[in-house]
2 protein chains.
Amino acid sequence: MNLEEVARRAGVSRSTVSRVLNGSTGVSPATRAAVEAAVASLRYLPNQAARSLAGTRTDTVAIVVSEERDRVFDDAFLTGVLRGATSGLAGRRAVVAVNPREVSDVDGALVVSMSGHDPLPRELRVPVVLVGRPLSCGLAYVDSDNLGGGVLAGRHLIARERRRIGVLAGPSDVAACVDRVAGLRRALSSSPPAGVITCALTPDSGAAAMASLLASVPDVNGVFCATDAIAIGALRYLASVGARVPEDVSVVGFDDSLVATVCTPALTTVRQSPDDLGNTAAWRLVAELAGEPDLPQSIVLPTELVVRGSS
Amino acid sequence: MNLEEVARRAGVSRSTVSRVLNGSTGVSPATRAAVEAAVASLRYLPNQAARSLAGTRTDTVAIVVSEERDRVFDDAFLTGVLRGATSGLAGRRAVVAVNPREVSDVDGALVVSMSGHDPLPRELRVPVVLVGRPLSCGLAYVDSDNLGGGVLAGRHLIARERRRIGVLAGPSDVAACVDRVAGLRRALSSSPPAGVITCALTPDSGAAAMASLLASVPDVNGVFCATDAIAIGALRYLASVGARVPEDVSVVGFDDSLVATVCTPALTTVRQSPDDLGNTAAWRLVAELAGEPDLPQSIVLPTELVVRGSS
DNA sequence: CTGTTAGCGCGTTCAC
DNA sequence: GTGAACGCGCTAACAG
């Protein structure tokens, strides 16, 4: 099934069918209709390989997932971004890759990476949109309002009369964590955090960080955790030493992952929408590929405080 | 940068370069070496489009994720399968799709779907390997040993002296759930379950199902849940009516998802490995595409009981 | 063992 | 407004 057959069926030449398929102007309404009828009745689908070989596009974009197992916020984040992205890709093929160097023959790429210093996107010679703010390069990106979320968390802790506030900050090369903590600092401007501990993005690391925090600031009464996974560990450690949450210590997380609703007490946290992140990034990339002018270099999606039992 | 240039550089013809690239036999070691040197020094990458247009393969496989939002075990399952699959695809391109009808120009497909009655895989005119046992078609598949896991759970409840056992079974069209419950029944052969409630794969549905179970079997002292998500809901409901776990009722889940370690009490559950599932399915598909004979029609991966506080 | 040749299906000039 | 002709980069016959 190829252009030739469709052309014969419609009583025109290959070129004309091609023109109709590619929305080119200068085809009389009558022939256009004939061609469309032929296409429909033959259930013709263009051959992608031939199309990209002859033309200049591949109609394929890469979704590059550059992450290590223990450096991901939570799996729901990735799943959400993927779901949102594929649905926003408007008929294009999405190839997923873990290693950017395996990627070729694509029109553009969506890169989701925790690390703010990923050197890889630049190696792709196509338009790139990042999911998550980069720390060190000027590429276009879509991100949650991590700063604003941090501010919300900080104001909430202040409203709860917490004045000895500790921070379990996550890694310093993860932009989202950096921004979240910056937001908290901004909300706390008059009375800076009593202690800041960096840690990995796992419950175990969060528990260990909570232990150090308690050691250096024994009277801490509010804790802001850069991710829910960290907060889970903090809650666990606090329970193990008999500290009451929220009576003795308020705990606030970030992500609103499933575990936030399941742990005891349920976790006050800041919600972001991975689906919207992926969808918006896809939209932005598609728009760029379509040649739309004046596209924003960065897009920031709102976050929202969800108050539960831990504060 | 194309075959022509590489050929010129190596002082041979296009065909010879093509032969070397495709591992065809009958090339003298000397010319092979010359070609490989040229390829390396020019950093030549074959054009995928041209390759699939001329040849019979596309070197890309589809990963079809056919799921609705509320019918997924947990997100970690999907991410795991995806991670395992992409790493097992041995250099092939992986295109992800939600709708199988968007899939064309691929050599084969991996289909991950909860529903056992998915009519879609057959529409793809290429080799297909399913992740998860199909209920109604005879396609090749890779699955966790859900039956065996159910047996493990059943034996465990018996060992805990639980004789009034209820089942929160999940949907009857999800093969994994059906198999898990079948395994439980097998372990309980002498004394069948006191009650079986079907439900959706969400905590809320699990909570509602637990309520019905308690209504019809007030003295239930053991509950097997087809998934951890269901078990979370069951635990929540039991706590709300003041039932003690595990003193009054033992609860066992299935999946060993992250929430199983976070809830209170921590959940006894059966562990499966989504990564291995995806990886094995990819391997099986690649082997079939390579024409390997005598491939197994089904592959079943072991599951493992993880005992925690809830039993 | 190696080179030559003929398309794969399509977009894109060109003429008409 | 429409058709004819060329070539994208490659694989797969076929010669030699």
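We name chains A, B, ... by the order of the sequence lines, and we start the count at 1 in each one. Worth knowing before you read on, the calculation uses all heavy atoms, side chains too, and leaves out hydrogens, waters and symmetry mates. Remember, predicted model here, so these are calculated numbers, not experimental data.
A straight line from CZ of B:R8 to P of C:dG3 spans 15 Å, rounded to a whole angstrom. Taking atom CE on A:M1 and atom C1' on C:dC8, their separation rounds to 16 Å, with Å as the unit. As a whole-Å value, the separation of A:L3 CG from C:dG7 P is 19 Å. With rounding to whole Å, B:Q48 atom CD is found 18 Å from C:dC10 atom C1'. The distance between atom CG of A:N22 and atom C1' of C:dT13, rounded to the nearest whole Å, is 15 Å. Here D:dG7 presents its P atom at 14 Å from CG of A:L53, a figure rounded to the nearest Å. One can place CG of A:D105 at 13 Å from C1' of D:dC8, the figure rounded to the nearest angstrom.
With respect to A:R284 and A:E288, a salt bridge is recorded, a charged nitrogen being found less than 4.0 Å from a carboxylate O. Under the 4.0 Å criterion applied to side-chain N and carboxylate O atoms, A:D107 and A:R92 are not assigned as salt-bridge partners.
For the side chain to side chain contact (heavy atoms under 4.5 Å, CB included) with B:T60, the lone residue among B:V106, B:D105, B:L89 that qualifies is B:V106. Test B:N146, B:D255, B:D145 against B:Q272 for side chain to side chain donor-acceptor pair (under 3.5 Å) and you get one pass: B:D255.
Note on A:N47: every side-chain N or O is 4.0 Å or more away from OP1 and OP2 of C:dG9. Between C:dG11 and A:R51, a contact under 4.0 Å exists linking OP1 or OP2 to a side-chain N or O.
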*Working for salt bridge (charged side-chain N to carboxylate O under 4.0 Å, His left out), residues B:R271 and B:D256*: CA-CA 5 Å; B:R271 174 179 300 161; B:D256 195 27; 2.7 Å; yes
_Letter per nucleotide, 5' to 3', of nucleotides 1-6 of chain D [B base touched, S only sugar-phosphate touched, - untouched; heavy atoms, 4.0 Å]_ = SBBBBB
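The shortest non-hydrogen separation linking A:N279 to A:G84 is OD1-O, 3.0 Å.
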